[in-house]
Amino acid sequence: MRVDGPAEGPPVVLLHGFGGSLHWFDRLVPLLGGCRVIRVDLLGHGATGGPAADADEQARAVAGVLASLGMSDVVAVGHSFGADVALSLAETSGRVARVVVVAQAPDYSDATFPPGDFLMTLPLVGALLHRFAPAFAVRAVAAHAVAPGFRVGATLVQQSLEDHKALDAGMFPIVLVQRRRRLAANPLDTRVRELGLPTMVVLGGQDRFYGARSARRYAAVGARVETIAEAGHSPVVETPGRVAALIQDFMTDT
Amino acid sequence: MNPDVIVVGSGLAGLVATHELAKAGKRVLVLDQENRNNLGGQAFWSLGGLFLVDSPEQRRLGIKDSYELAMQDWMGSAAFDREREDHWPRRWAQAYVEWAAGGKRQYLHDLGLRVLPMVGWAERGDGKADGHGNSVPRFHLTWGTGPEVVRVFLEPVLGAEKRGLVEFGFRHRVDELIVEDGAVVGVRGAVLEPCDDLERGKASSRETVGEFEHRAAAVVVASGGVGHNHDLIRKYWPTERLGKCPETLISGVPAHVDGRMLLISETAGANVVNRDRMWNYTEGIVNWDPIWPNHAIRILAGPSSLWFDAAGRRLPAPNYPSFDTNGTLKAILADGHDYSWLVLTQTIIEKEFALSGSEQNPDITSKDVKLALKSRLAKGAPGPVEAFKQHGVDFVVARTLRELVDGMNKIARGPKIDHDDLERQIVARDRELGNKYGKDLQLAAVEHARRYLGDRITRVAKPHRILDPAHGPLIAVRLNILTRKTLGGLETNLDSQVVRADGSVLPGLYAAGEVAGFGGGGVHGYNALEGTFLGGCIFSGRAAGLALARDLR
Ligand SMILES: Cc1cc2nc3c(=O)[nH]c(=O)nc-3n(C[C@H](O)[C@H](O)[C@H](O)COP(=O)(O)OP(=O)(O)OC[C@H]3O[C@@H](n4cnc5c(N)ncnc54)[C@H](O)[C@@H]3O)c2cc1C
């Protein structure tokens with residue numbers, strides 16, 4: 001866990017995506033000047049490690065962190081799989097005032113995953129592949145996570161490799177299989193509507209995982225939708241300045 | 001024509017804004033005080049160097065760059081320290097580095113612009129990791145230099161002119177922004193005497209033959225900096241920071257860079273910030289074949305030449321060529337004179353001297369591969385450098401140091417150089433070459449630079465004794481202060497909307513390019529990393545165009 005910014009600043013909790021870590025927000029955090037920013041490595045990820053967990057269990061753990069810090073009325077920002085966690089957190093903890101969904105479609109109906117990903121979902125094969133995944137494969141997935149033409153950069157590649165090493169293989173079936181079913185049954189746009197909290201959705205215009213249909217679906221349930229044309233699936237690293245400006249603007253939205 | 005937007009200035013920033021607006025179907029009236037031959041403004045004369053971060057070209061050369069490293073360098077160089085005036089510049093700086101590490105290369109590539117495979121290392125800095133300077137090479141030269149940077153925007157704009165979306169008003173000098181009910185609604189000015197045949201870059205007549213008034217929903221000011229207006233430069237010169245303003249200034253920009261629109265915009269309610277921040281170079285030589293009045297050329301020297309102040313004392317570390325522009329300027333002015341000396345050998349001039357400007361690099365400007373290889377890799381200095389060596393008033397060439405000093409003293413504007421003292425300093429430096437290591441920090445920097453492949457191949461001569469006749473003849477160059485870029489300007493938000501003194505937006509007025517301090521009213525802060533000016537014009541011009549395309553009904 002890491003906390004940045006002034007103690008009296010408005011609280012923001014940042015939730016990273018599948019296979020990531022709190023370092024995916026290293027570029028964003030310095031740009032959220034004035035905010036109290038809380039980040040954690042999710043269960044099964046980064047320095048937290050431990051067994052894999054689904055979004056609900058992740059949310060319970062994060063709620064525990066917020067409780068121990070005595071924080072409420074937070075803005076919960078979830079990137080990719082972190083969006084599921086942010087919504088669960090908002091639904092169950094009572095500590096969330098606003099939700100920001102970054103680069104996450106309501107469900108997988110409009111999604112494309114890098115070739116070979118399904119292998120990772122097979123229990124044993126997945127674990128083995130994960131263990132021995134060559135650096136170039138990790139790099140290829142990292143490249144898929146940004147807009148075409150965006151250069152992932154040495155820092156980010158190194159980060160992806162480290163995050164991948166730390167990742168618990170049990171996360172693969174949770175995200176790639178169970179999550180598909182959960183999202184089909186209860187897509188995020190429905191959850192945003194039922195939640196009833198102010199929600200902003202930030203999408204990358206060149207997201208290679210998710211198509212462009214999300215924007216209309218989220219808008220239809222009353223969310224504020226912002227599309228960053230040149231960003232891919234990772235606006236938090238590709239266009240951190242734009243994302244930070246949107247979050248700060250959304251925080252003062254009435 | 002009934003334009004949606006009026007753009008003042010057909011330099012790079014104006015063309016980029018116009019391109020984005022026309023792309024979105026808006027009608028644009030572009031006004032410029034010069035004739036059609038001058039389309040593209042200063043950018044045409046530029047070297048076309050572009051600041052890119054973590055590019056494929058860098059990676060091919062083994063350079064490890066990143067957004068993080070570039071932000072560290074940018075913020076260290078900018079040294080923003082003003083709460084109010086640096087508010088938007090800070091935001092622009094982050095946005096610009098983000099773009100340089102992200103979408104910039106693709107945006108230009110899609111327009112057809114290509115860069116050379118060798119990446120240059122400009123502004124190597126003040127010696128501190130978190131201080132000024134580029135930690136790694138980032139200066140990407142456009143294949144085709146400045147004219148190519150102009151072409152990729154001009155061609156689509158001329159296409160839009162044919163389709164009737166864009167109209168030009170040349171020889172239209174804007175003298176006033178029309179403000180009604182607190183908003184800018186148009187421009188007024190004078191039509192200047194026609195001069196269709198006057199060549200690009202030549203100073204034109206200011207005789208007026210008529211008046212004009214045009215109105216539109218918005219006006220974009222893209223009129224460039226103050227570089228040719230020495231009165232304004234003197235007025236805002238930061239004496240306490242850099243020392244007394246030079247008496248002799250030579251002009252690194254054409255006469256149209258007159259800074260008038262700054263005052264005109266201010267009168268209309270715009271806020272001008274950071275006026276004391278400027279980017280003038282210390283390596284100016286008088287152009288023996290001038291295009292504009294008082295025409296100065298900047299030498300881009302590699303790190304080996306020895307640099308002395310007017311009195312012949314070696315400048316303190318790390319004031320070596322291409323390290324720290326403002327730091328060196330201060331060191332030069334410190335002894336009360338306004339020029340300095342480079343002392344070097346024929347070997348160094350052949351490998352390490354380049355001249356900034358498209359017309360001084362005919363091989364790359366004309367995209368002639370054979371000529372480029374021949375002039376850059378073959379023996380002898382590139383043609384234009386050799387021409388300066390022979391015709392330039394600032395050059396002294398001699399077989400012996402005594403003859404060299406005699407020549408220097410003939411053109412010195414200040415104190416006479418003492419031969420024995422100069423010889424003592426050069427011999428001391430040459431003696432340090434006895435070992436692979438030593439205490440001369442400049443030699444260490446040279447050795448260090450040669451670890452970068454790009455420098456070793458094209459830019460940095462093998463260390464040798466300056467007084468070794470085998471590397472002669474000896475060359476001395478009198479370097480003058482050359483005016484170039486304006487780092488401050490009209491305060492703008494990230495949509496390039498001009499801001500008033502009270503911080504609110506001035507409705508209807510936008511500003512882009514050098515007049516806006518390349519974004520925000522001073523995206524560079526106190527110091528630039530080079531190759532950031534063209535990019536700043538493109539980024540801020542694009543921001544204005546995109547915002548207007550979005551917001552205009
Ligand atoms: C020799 C040289 C080399 C350079 N090399 C590089 C480089 O390698 N990399 C880099 O990044 N930058 C470089 N630069 C800097 C860069 O070229 C300029 O900063 C940039 O082109 C400025 O563009 P602009 O559109 O803001 O202004 P300008 O090019 O100055 O255009 C402004 C236009 O507005 C018109 N105008 C002004 N006032 C009025 C008025 N009142 N009414 C009507 N029209 C008006 C002018 O006539 C002019 O056409 C170089 C500059 C020079 C001169």
Side-chain angles (χ1 to χ4, degrees), chain A residues 4 22-35 103 135-136 139 142-143 145-162 202 204-208 225-249, chain B residues 20 23-24 52-60 62-72 74-75 80 83 86-111 135-136 138 140 493-495 519-520 523 539 542-543 546-547 549-550:
Chain A
D4 297 88
L22 58 78
H23 293 296
W24 279 71
F25 298 112
D26 282 354
R27 292 181 180 182
L28 182 66
V29 172
L31 307 175
L32 290 172
C35 297
F136 75 81
R139 222 174 283 139
V146 294
F150 183 83
R151 302 177 298 283
V152 177
T155 319
L156 213 60
V157 167
Q158 191 54 38
Q159 193 57 52
S160 305
L161 287 170
E162 279 168 23
V202 180
Q206 306 192 46
D207 195 323
R208 292 199 254 194
V225 178
E226 299 282 352
T227 302
I228 300 177
E230 62 273 24
H233 183 62
S234 304
V236 288
V237 288
E238 295 168 89
T239 54
R242 301 280 299 284
V243 175
L246 286 172
I247 293 175
Q248 292 203 312
D249 185 59
Chain B
E20 287 295 343
K23 220 167 67 178
L52 294 172
V53 176
D54 193 23
S55 69
E57 290 73 25
Q58 284 174 301
R59 267 183 273 151
R60 260 177 245 133
I63 300 165
K64 294 189 186 61
D65 199 5
S66 65
Y67 165 86
E68 282 76 12
L69 189 62
M71 276 296 278
Q72 165 185 324
W74 194 291
M75 293 303 177
F80 293 121
E83 179 147 345
D86 283 335
H87 170 75
W88 286 112
R90 277 181 224 266
R91 301 274 313 267
W92 272 91
Q94 188 280 328
Y96 183 62
V97 173
E98 182 176 307
W99 195 57
K104 179 179 181 183
R105 188 173 179 282
Q106 192 66 41
Y107 178 74
L108 294 171
H109 196 269
D110 290 347
L111 284 161
S135 298
V136 294
R138 297 196 174 104
H140 296 66
N493 67 17
L494 291 177
D495 282 337
V523 69
F539 191 52
R542 176 172 167 268
L546 291 177
R550 184 192 66 211

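So you know, we letter chains A, B, ... as the sequences are listed, proteins then strands, and number each from 1. When reading the values below, keep in mind they use all heavy atoms of this one structure, side chains included, and skip hydrogens, waters and symmetry mates.
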- Message: Going by side chain to side chain contact (heavy atoms under 4.5 Å, CB included), name the residues that satisfy it together with B/Asp86, two or more places apart in sequence or in a different chain.
- Response: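 Result, side chain to side chain contact (heavy atoms under 4.5 Å, CB included) vs B/Asp86: B/Phe80, B/Asp81, B/Arg82, B/Pro89, B/Arg90, B/Asn274, B/Arg277.
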- Message: Does any backbone or side-chain atom of A/Pro240 lie under 4.5 Å from a heavy atom of chain B? Answer side chain, backbone, both or neither.
- Response: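 For A/Pro240, backbone and side chain are both near chain B.
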- Quick one: does B/Glu98's side chain have a donor or acceptor within less than 3.5 Å of a partner on A/Gly241's backbone?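 Indeed, once roles are kept as given, a pair shorter than 3.5 Å links the two residues.
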- Query: Under the ring pair (Phe, Tyr, Trp, His ring centres under 6.0 Å) test, which residues partner B/Phe539, sequence neighbours left out?
  - Reply: B/Trp92, B/Tyr96, B/Trp99
- Query: So which part of B/Tyr67 gets closer than 4.5 Å to some heavy atom of chain A, the side chain, the backbone, both or neither?
  - Reply: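 Both parts, heavy atoms under 4.5 Å.
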- Quick one: CD on A/Glu230 to NZ on B/Lys104, what's the gap to the nearest 0.5 Å?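 That separation rounds to 14.5 Å.
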